[in-house]
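Just below is one structure, and these are the notes that go with it.
Counting from 1, the numbers follow the sequence of the chain as shown. Atoms within each ligand, like the ligands themselves, are counted from 1 in listed order.
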Amino acid sequence: MTAPAAGDASPGRRGTAVTMSIHQKKHPQLERLLRNAREVSLEADSRVLILSDLHMGNGGRRDEFRRNSQLVSSMLSGYYLPERYGLVLNGDIEELFKFPLEEITAEWRGMYDLFESFRREAFLWKTIGNHDAELALARGYPLADSLVESVKFSYGDETVLVFHGHQASVLLWETYPIVSRAVVFFLRYIAKPVGIRNFSIAYNSRRRFAIEKSIYEFSNQAKVVSVIGHTHRPLFESLSKVDYLNYRIEELCRAYSSAENGEKERIEGKIAGLKGELEACYSEGKRIGLRSGLYNNITIPSVFNSGCAIGKRGITALEIEGNRIRLVYWYNGKQSRRFMSDRDNSPHELGSSGFYRIVLNEDSLDYVFSRLHLLA
Ligand SMILES: [Mn+2]
């Protein structure tokens, strides 16, 4: 694998340093983020909810947040606030590509009050996304005191870096504020009248994959865990739902041959269920992003993505509680199909609200970091 530069005959220069400079891609933008991130330490009893991509608008037909607004406000006020969670709003909370800030804050006054109550009761951080990058310059923004570009949670000697994720994009209009402002102008005053809609999720799976991949490389090099949003695709330990289902089916097949007879039946049932879930993913097609193979060989659990809060069926979010990290799903029990969890978890209703929370995946942070150090 060691390939010294052509013409380099000196054996002394064949060291690790040369190899590294050939194989390690630089991610200056992400390195800068890590250096400048706001430091917050996690204690043994810390609780953090990470939500992203609310895309709040003016309450009208083009407001993508409207559908889930009741669910978000119930889960925040009825679950996370009383459970003493701190809140990180990880970018693209406001949809400034389509609406002026004043319209958004006027429409969602109650939601902002709720966000602020997290600052009073625990903490509140709001990272900047590409759809709300203008906030850094806005006057009278209600969450101005909580606005940062990224947060680094220290967990013992380890770091969990929370940022929106657009910083890894190769598109100029996603990374440079000036270009972004021109795009905002285009979308608000030109695209809207001529009927170009939903520019916000104009993500094909290839572009999504490129962003995930560079954040994955960066995290493994820096030995940090990154928590992002932006692509709207939930990731747990760097695995998408499709990756994860494949991986679990493989694991169960391995366990099958050495299992006792009664156990075999249980495994068969489980595999059938997971296969059904996988088929459902494929029939949903492109929307969820089937592209996989982020990894050459073994998976390093260095990237988590909270998904988004504008899903048709519900909302995904990440929770950190002490040494645990979880991907959770909140949904309206009246309209969602029964959600299958591989971990034998069952959904719990929030009071009698009709809203349910289920843990889709969970692990200990110690396991995540050991794996990162052993494999990256
Ligand atoms: Mn975004």
Side-chain angles (χ1 to χ4, degrees), residues 27 29-30 33 37 50-57 62-65 67-68 72 87-99 101 104 108 125-138 141 143 146-151 161-188 191 196-216 218-219 226-235 240 286-289 291 303-312 315-318:
H27 302 277
Q29 183 84 318
L30 300 177
L33 263 185
I50 301 163
L51 262 186
S52 68
D53 300 86
L54 271 59
H55 293 273
M56 297 189 320
R62 297 166 68 238
D63 184 340
E64 297 177 274
F65 177 65
R67 175 173 44 214
N68 290 331
V72 172
L87 177 62
V88 182
L89 296 167
N90 198 16
D92 285 3
I93 303 308
E94 288 87 3
E95 181 47 273
L96 297 175
F97 281 8
K98 293 195 231 160
F99 311 100
L101 182 61
I104 302 171
W108 300 109
W125 296 107
K126 158 85 172 65
T127 67
I128 287 175
N130 51 318
H131 290 250
D132 53 15
E134 269 180 288
L135 291 174
L137 306 164
Y141 176 56
L143 309 179
S146 299
L147 205 59
V148 288
E149 197 180 7
S150 56
V151 177
L161 181 66
V162 186
F163 61 105
H164 183 63
H166 62 292
Q167 295 90 344
S169 174
V170 294
L171 299 174
L172 288 184
W173 64 271
E174 285 196 342
T175 26
Y176 287 90
I178 292 190
V179 186
S180 156
R181 233 161 286 149
V183 171
V184 168
F185 181 85
F186 168 77
L187 290 171
R188 232 186 250 165
I196 301 172
R197 293 174 62 201
N198 284 330
F199 206 89
S200 60
I201 45 171
Y203 262 112
N204 59 34
S205 63
R206 191 169 50 83
R207 201 175 295 159
R208 231 187 319 216
F209 176 72
I211 287 175
E212 290 170 354
K213 191 165 191 291
S214 66
I215 294 173
Y216 181 69
F218 156 75
S219 310
S226 292
V227 174
I228 59 168
H230 186 56
T231 67
H232 294 197
R233 169 162 109 138
L235 295 176
S240 68
K286 253 192 179 162
R287 197 180 59 78
I288 57 154
R291 207 180 167 95
V303 186
F304 291 73
N305 188 323
S306 54
C308 72
I310 58 170
K312 277 210 176 69
I315 292 164
T316 50
L318 288 163

Of all N/O/S atoms in H164, which lies nearest to the Mn ion (ligand 1)? NE2
Side chain to side chain contact (heavy atoms under 4.5 Å, CB included), paired with K126, selected from V148, D132, L87: D132
Is D92 close enough to the Mn ion (ligand 1) to have an N, O or S atom under 2.8 Å? yes
Is it true that some N/O/S atom of T231, main chain or side chain, lies under 2.8 Å from the Mn ion (ligand 1)? no
For residues N90 and S306, is any side-chain donor paired with an opposing acceptor at under 3.5 Å? no
Which atom pair, heavy atoms only, marks the closest approach of M56 to W108? CB-CD1, 3.9 Å
For H230, what is the atom name of its N, O or S atom nearest to the Mn ion (ligand 1)? ND1
Indicate yes or no: does R233 engage E212 in a salt bridge with an N to O separation below 4.0 Å. yes
